[in-house]
Amino acid sequence: SKRGGKNRLVFFSSDMLVGRERDLELTELLRASVENGFSGFSLRFQPQVDAVSGRLTGAEVLTRWSCAEYGEVPPLEFIPLLEESGLILPAGRWIFEQGVRVCAKWLQKKKDFALSINLSWLQLEDPDFITFMQACMQQYGVDPRHIAVEITESYIASNIGFLQDRFSRMRKLGLKIAMDDFGTGYSSLGILKQSPADIVKISRMFVQEIRNNSFDATFIRFVVELCHNVGIHVCLEGVETEEEYGIVKSMNLDLIQGFLFGRPIPEEEFERDFLDR
Ligand code: C2E
Ligand code: CA
Ligand code: CA
């Protein structure tokens, strides 16, 4: 089966060799971090809001990592390295547990709070991961209905057979499943029928040029209608400006996540800005 990890092409050019050396060095630093109690890792929380009222509904957990040698390294660089090295298995468990811990705390301030946690393909292939998630939610007393796991559309599309069993086990627990980065893969809309998610997150690619691209607006409307017909909620990612919000506000979306409503911020800051008001 096609792996969800980034396919890397290695050319014999000196630039790429440097790139590969950096990767190897970063991987060793990531390994040291993991072995040192996940030092250097931290979580950010980005608000998700009701598309019409703009009120907070929950948050997505986004992981950060920094080291003395390179400073803060972007997740688009370190997540693939964690995947290639297998370190995403321990790191992903740590991220999930920290997320659940925070969710338990925030549920006391907002009883319908929902937390979204990204899962890597490697975690889904780990046969013990679902049992781990269950134990974790039990330990912190969090009803799985308050947790959504985000899985990219492209990984779902290329592993649909294998994932049926994983999805039904997660569903039985009560976990929500969110299809991430919808519209960026090569799959057809039929994926929504074969592998229904609870939430579809439309990629921010569709907001970026919405002012002068009528395809993007039509696509969003179309996906919303299709999803609502089969009971799937839709979240639009990447709304940055009032102008963009003005355009998408009437599109019948359920949720919005974007810099206009909040950037990914640390736990204490999120609490202060969104939950203690
Ligand atoms: P993603 O899952 O699609 O997460 C959303 C990304 O879009 C985040 O980038 C977020 O900061 C960014 N974003 C949100 N709203 C806006 C907006 O209005 N404008 C713009 N320009 N960007 C916006 P981030 O935090 O850099 O994460 C990048 C990717 O790294 C994530 O994309 C996800 O694929 C991966 N990632 C991050 N944390 C984790 C994690 O804990 N586990 C796994 N497996 N992947 C993670
Ligand atoms: Ca995500
Ligand atoms: Ca996304």
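None of the values given here were measured: they were computed from a predicted structure. Both counts, for ligands and for their atoms, begin at 1 and track the order of listing. Nothing fancy with the numbering, it's 1 onward along the sequence.
- The protein atom (non-hydrogen) at minimum distance from atom 46 (C) of ligand 1 is I79 CD1, 3.7 Å.
- For ligand 1, the atoms sitting less than 4.0 Å from at least one non-hydrogen atom of D181 are 3 (O), numbered in the order shown with element in parentheses.
- Residue contacts to the Ca ion (ligand 2): S116 brings no N, O or S atom closer than 3.0 Å.
- Among protein heavy atoms, atom 24 (P) of ligand 1 sits closest to P75 CG, 3.8 Å.
- Of all protein heavy atoms, the one lying nearest to atom 11 (O) of ligand 1 is P264 CG, 3.4 Å.
- When heavy-atom distances to ligand 1 are checked against a 4.0 Å cut-off, L260 has no atom that comes that close, whether in backbone or side chain.
- Proximity to E237 (heavy-atom distance under 4.0 Å) selects the following atoms of ligand 1: 3 (O), 5 (C).
- In this structure, CG on L236 lies 10.0 Å from CD on Q257, to the nearest 0.5 angstrom.
- Atom 15 (N) of ligand 1 has as its closest protein heavy atom Q46 NE2, 3.0 Å.
- Interface atoms of ligand 1 facing S120, defined by a heavy-atom separation under 4.0 Å, are 44 (N).
- Salt-bridge formation is detected for the pair E28/R31: a Lys NZ or Arg NE/NH1/NH2 atom is positioned less than 4.0 Å from an Asp or Glu carboxylate oxygen.
- Cluster annotation: L76 is not connected to L24 through the hydrophobic network of ILVMFWY side chains, with a link wherever side-chain heavy atoms come within less than 4.5 Å.
- With K201 as the partner, the side chain to side chain donor-acceptor pair (under 3.5 Å) test is satisfied by one option alone out of E60, H233, E153: E60.
- Within the 4.5 Å cutoff, no side-chain heavy atoms of L255 are placed close to those of V234.
- In terms of polar-atom proximity, T63 is counted as a contact of ligand 1, with an N or O under 3.5 Å from an N or O of the ligand.
- With values rounded to the nearest 0.5 angstrom, L275 atom CG is found 9.5 Å from D273 atom CG.
- With D181 as the partner, the side chain to side chain contact (heavy atoms under 4.5 Å, CB included) test is satisfied by one option alone out of E150, E237, M205, R204: E237.
- Nearest-residue assignment for atom 23 (C) of ligand 1 (options F78, F259, W65, F261; heavy-atom criterion): F259.
- Distances from the Ca ion (ligand 2) to each N, O or S atom of E60 single out OE2 as the nearest.
- Of all atoms in ligand 1, listed by their number and element, those nearer than 4.0 Å to a heavy atom of G238 are 16 (C), 17 (C), 18 (O).
- When each atom of ligand 1 is checked for a heavy atom of E60 under 4.0 Å away, the hits are 2 (O), 4 (O).
- More than 12 heavy-atom neighbours from other residues, nucleotides or ligands sit within 6.0 angstrom of OH on Y70.
- Looking only at side-chain heavy atoms (C-beta outward), Y140 and E97 come within less than 4.5 Å of each other.
- The N/O atoms of E83, backbone and side chain alike, include none that comes under 3.5 Å of an N/O atom in ligand 1.
- The aromatic rings of F206 and F219 lie parallel to each other, with less than 30° between the two planes, well short of the 60° mark.
- If you look at R64 next to ligand 1, the close heavy atoms, those under 4.0 Å, all belong to the side chain.
- Evaluated for a side chain to side chain contact (heavy atoms under 4.5 Å, CB included) with R145, the options I147, V142, D143 yield exactly one hit, D143.
- Aromatic ring centres of Y245 and F261 lie closer together than 6.0 Å.
- In summary, the atoms of ligand 1 found under 4.0 Å from a heavy atom of L76, numbered by their order in the structure, are 29 (C).
- Of the protein's non-hydrogen atoms, R204 NE, 4.1 Å is the one closest to atom 7 (O) of ligand 1.
- Cation-pi check for R93 over F129 is not met; the charged atom does not lie both under 6.0 angstrom from the ring centroid and within 45 degrees of its normal.
- Here NZ of K249 is found 14.5 Å from CD of E244. Values are rounded to the nearest 0.5 Å.
- Distance remark: protein heavy atom present below 4.0 angstrom from atom 43 (C) of ligand 1.
- Those atoms of ligand 1 with a heavy atom of G258 less than 4.0 angstrom away are 15 (N), 18 (O).
- Checked against the Ca ion (ligand 3), the N, O or S atom of E237 at the shortest distance is OE1.
- Residue E150 approaches the Ca ion (ligand 2) most closely through its N/O/S atom OE1.
- The nearest protein atom to atom 32 (O) of ligand 1, hydrogens excluded, is given as L62 CD2, 4.9 Å; this is a heavy-atom distance.
- No N or O atom of I95 sits closer than 3.5 Å to an N or O atom of ligand 1.
- Distance screen at 4.0 Å: atom 4 (O) of ligand 1 has a protein heavy-atom neighbour inside the cut-off.
- The shortest side-chain heavy-atom distance between F41 and Q98 does not fall under the 4.5 Å cut-off.
- Inside a 4.0 Å radius of atom 29 (C) of ligand 1 there is at least one protein heavy atom.
- Residue-level check: among N/O/S atoms of D180, OD2 sits closest to the Ca ion (ligand 2).
- Within a 6.0 Å radius of CZ in R263, no more than 12 heavy atoms belonging to other residues, nucleotides or ligands are found.
- Within the 4.0 Å heavy-atom criterion, the part of D180 lying near ligand 1 is the side chain and not the backbone.
- The distance from the Ca ion (ligand 2) to the nearest N/O/S atom of D181 is not under 3.0 Å.
- Here the protein heavy atom with the shortest distance to atom 21 (N) of ligand 1 is E240 OE2, 2.9 Å.
- Side-chain atoms of R44 and S42 include a donor-acceptor pair closer than 3.5 Å.
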